[in-house]
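Worksheet: the structure to be examined is printed underneath.
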Amino acid sequence: DARSLPFGPGDSYSFSERGVVYILDNRLYYDDLARGKANWMLELTGSGFRVTAGADFIVVYSDNLVQALDYQGQPRTTYLEFNSQILEARVGQNMFALLRQDAVGNFAISMISSSGEQLTPLDEKLAGNYILDFGYYGGDKLWVMMMNTSTNAPVTTINTYERDDTLTGMISIQDELVTGVYTNANHFYVSGVYNLHMYSSSRREECSLLTFGWQVLDHFDGEGGHSYFLLRGQDAQRGTAGGEGRIITLPESQAAVEIRFPEDCLDAFIQNGKVVMVMPDRVRVLNLDGSLAQSVSLDIPVEAAFEATDSRLVLE
């Protein structure tokens with residue numbers, strides 16, 4: 001099921017399982033990507049707005065303003081104004097979070113309910129750290145990944161918080177740069193330049209796998225564990241064309257599966273438990289054991305691909 005979209009790589013847009021929201025000419029658009037009967041457009045109050053979508057509501061934000069809306073385009077909050085610059089927004093189940101930075105470089109994270117209630121910001125607890133990433137898991141639980149800027153050796157800390165600012169766990173990784181954080185209901189997974197780590201809900205490390213020389217392309221939370229799609233680092237430096245791939249699982253419940261990339265492969269993903277490889281004129285779909293499941297020809301030439309949701313890809 002394919003369809004064309006009216007926006008390009010330079011526009012602000014965000015996908016969810018409900019559809020896609022995007023901003024063109026200071027207007028917010030919603031497309032349900034199904035029958036189109038729920039589509040709408042809304043004039044924004046000014047320029048420079050960006051948008052991010054969650055499962056149940058949408059957040060639009062500029063450098064200093066933010067507002068939450070439902071999927072009918074109705075406001076859930078008034079416009080909220082901040083003195084410091086809003087860098088990014090993340091949406092949970094009933095909450096959203098804003099990463100802010102003031103004029104002297106200090107970071108803060110504001111946690112706000114979808115009805116506009118502002119909780120105590122995370123600011124002093126972030127002092128002396130550079131915020132690398134943040135996001136929601138398990139509904140409205142928040143994780144924040146930061147790096148201590150006052151140490152000579154890299155120390156990455158991942159803190160987890162409940163709906164308010166209560167610290168519920170902390171992961172500290174020393175002497176290894178972190179490249180990604182992945183979560184499910186029971187575990188935290190952290191990919192570094194040397195290892196993939198798996199942590200329990202109490203943030204105790206349960207296992208790890210040596211992945212030095214490999215880059216994580218994508219992941220899939222399956223019944224047998226968390227599967228990771230890797231690309232050999234030397235192939236990643238020149239793109240996926242003709243590269244050597246591998247699928248591994250944490251906890252290590254099965255042997256690694258070797259995947260060979262076609263010479264003209266643009267990118268590859270895991271979608272709904274299948275490996276999807278995009279070429280300029282076709283898409284190959286593999287099972288997680290490496291066997292071919294399907295090959296689909298494309299009507300128009302493709303130059304790039306990226307993952308929109310767990311079940312949708314966007315082709316440029």
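Hydrogens, waters and symmetry mates play no part in the numbers below; they use all other heavy atoms, side chains included.
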*Would you say the side chain of Leu288 lies within less than 4.5 Å of the side chain of Phe220, judging by non-hydrogen atoms?*
yes
*Looking at the rings of Phe269 and Phe306, which for Trp means the six-membered one, are their centres under 6.0 Å apart?*
no
_Shortest non-hydrogen contact between Gly135 and Arg90, atoms and distance_ = CA-CG, 4.2 Å
*Taking the six-membered ring for Trp and the full ring for Phe, Tyr or His, determine whether the centres of His187 and His226 are under 6.0 Å apart.*
no
*With a 4.5 Å heavy-atom cut-off, do Met279 and Arg284 have their side chains touching?*
yes
*Can you check whether Ser115's main-chain N or O pairs, donor with acceptor, with Thr77's side chain at less than 3.5 Å?*
no
*Between Thr309 and Arg312, is there a donor-acceptor pair closer than 3.5 Å when you use the side chain of the first and the backbone of the second?*
yes
_Heavy-atom side-chain contact between Leu65 and Gln67 under 4.5 Å_ = no
*From CG (Leu80) to OG (Ser110), nearest 0.5 Å*: 9.5 Å
*asked:* Taking the basic N atoms (NZ, or NE/NH1/NH2) and the acidic carboxylate oxygens, is any pair closer than 4.0 Å for Arg100 and Asp63?
replied: no
*Output yes when a side-chain donor or acceptor of Asp32 lies under 3.5 Å from a complementary backbone atom of Asn39, and no otherwise.*
no
*Single-linkage hydrophobic cluster, 4.5 Å side-chain cutoff, Val20 and Ile58 together*: no
*asked:* For the backbone of Arg18 and the side chain of Ser16, can you confirm whether one donor and one acceptor N or O come within less than 3.5 Å of each other?
replied: yes
_Once salt bridge (charged side-chain N to carboxylate O under 4.0 Å, His left out) is applied, do any residues pair with Asp70, and if so which ones, sequence neighbours excluded?_
none
_Chi angles and distances behind the side chain to side chain contact (heavy atoms under 4.5 Å, CB included) call for Phe82, Gln118_ = CA-CA 12 Å; Phe82 294 87; Gln118 298 189 50; 3.6 Å; yes
*Where Ile270 and Phe229 come nearest, the two heavy atoms and their spacing*: CD1-CB, 3.7 Å
*Salt bridge flag under 4.0 Å for residues Arg260 and Glu258*: no
_So does Tyr199 get a backbone contact from the side chain of Arg204, meaning a donor-acceptor N/O pair under 3.5 Å?_
no
*Answer whether the closest heavy-atom distance between the side chains of Phe134 and Leu99 falls below 4.5 Å.*
yes
*Start with the C-alpha gap between Glu307 and Gln271, add the side-chain angles, then the distance that decides, and say whether side chain to side chain contact (heavy atoms under 4.5 Å, CB included) holds.*
CA-CA 9 Å; Glu307 199 166 29; Gln271 291 268 299; 2.6 Å; yes
*Less than 6.0 Å separating the ring centroids of Tyr182 and Tyr228?*
yes
_Exam field: side chain Asn184 to backbone Asn186, donor-acceptor pair closer than 3.5 Å_ = yes
_Check: Tyr79 and Thr45 side chains under 4.5 Å, non-hydrogen atoms_ = yes
*Classify the angle between the aromatic ring planes of Tyr71 and Tyr30 as parallel (below 30°), tilted (30 to 60°) or perpendicular (above 60°).*
perpendicular
*Measure the CG-OG1 distance between Asn129 and Thr157 for me, rounded to the nearest 0.5 Å.*
6.5 Å
*What are the two closest heavy atoms between Leu292 and Val285, and how far apart are they?*
CD1-O, 3.5 Å
*Mark yes or no for whether Asp289, through its side chain, and Ser291, through its backbone, hold a donor-acceptor pair below 3.5 Å.*
yes
*asked:* Can a side-chain donor-acceptor contact be found between Arg50 and Ser62 if the only test is distance below 3.5 angstrom?
replied: no
*Let me see the working for Ile259 and Met277 under side chain to side chain contact (heavy atoms under 4.5 Å, CB included), right down to the final yes or no.*
CA-CA 11 Å; Ile259 302 287; Met277 293 182 163; 3.1 Å; yes
*Where do Tyr29 and Asp31 land on the side-chain hydrogen bond (donor to acceptor under 3.5 Å, both in side chains) test, with the steps shown first?*
CA-CA 7 Å; Tyr29 294 85; Asp31 186 338; over 6 Å; no
*Indicate if Trp143 and Leu126 have the same hydrophobic cluster label, given that clusters are the connected sets of ILVMFWY residues with side-chain heavy-atom separations under 4.5 angstrom.*
yes
_Minimum side-chain heavy-atom gap Glu17-Ser311 below 4.5 Å_ = yes
*asked:* I want to check something: taking the side chain as every heavy atom from C-beta on, are Thr211 and Ile248 in contact at a cut-off of under 4.5 Å?
replied: yes
_Same cluster or not: Leu87 versus Ile112, using hydrophobic residues (I, L, V, M, F, W, Y) connected whenever any side-chain heavy atoms lie under 4.5 Å apart?_
no
_Taking Tyr136 as the starting point, is it possible to reach Val59 by hopping between hydrophobic residues whose side chains are less than 4.5 Å apart?_
no
*Would you say Ile173 and Phe212 are hydrophobically clustered, going by side-chain heavy atoms of ILVMFWY under 4.5 Å?*
yes
*Are the side chain of Asn195 and the backbone N or O of His197 linked by a donor-acceptor pair below 3.5 Å?*
no
*Which heavy atom in Met95 sits nearest to a heavy atom in Ser113, and how many Å separate them?*
SD-CA, 3.5 Å
*Do the two ring centres, one from Tyr130 and one from Phe107, sit under 6.0 Å apart?*
yes
*asked:* Using only atom types and a distance under 3.5 Å, with no angle test, would you say the side chain of Gln101 pairs donor to acceptor with the backbone of Gly105?
replied: yes
_Steps toward side chain to side chain contact (heavy atoms under 4.5 Å, CB included) verdict (Val302, Glu316)_ = CA-CA 6 Å; Val302 173; Glu316 294 178 6; 5.9 Å; no
_Quick check: closest heavy atoms across Asp11 and Ile23, and the distance to 0.1 Å?_
CB-O, 4.0 Å
*Are side-chain heavy atoms of Leu142 and Ile109 found at a separation under 4.5 Å?*
yes
_Students often mix this up, so state it plainly: with edges at 30° and 60°, are the rings of Phe15 and Tyr13 parallel, tilted or perpendicular?_
perpendicular
*Single hit among Leu177, Val178, Ile131 for side chain to side chain contact (heavy atoms under 4.5 Å, CB included) with Met147*: Leu177
*Is there a donor-acceptor pair under 3.5 Å between the side chain of Thr160 and the backbone N or O of Gly169?*
yes
*Please report the closest heavy-atom contact between Arg76 and Ser114, naming both atoms and the distance.*
CB-O, 3.1 Å
*In Å and rounded to the nearest 0.5 Å, what is the OG1 to OH distance from Thr183 to Tyr137?*
8.0 Å
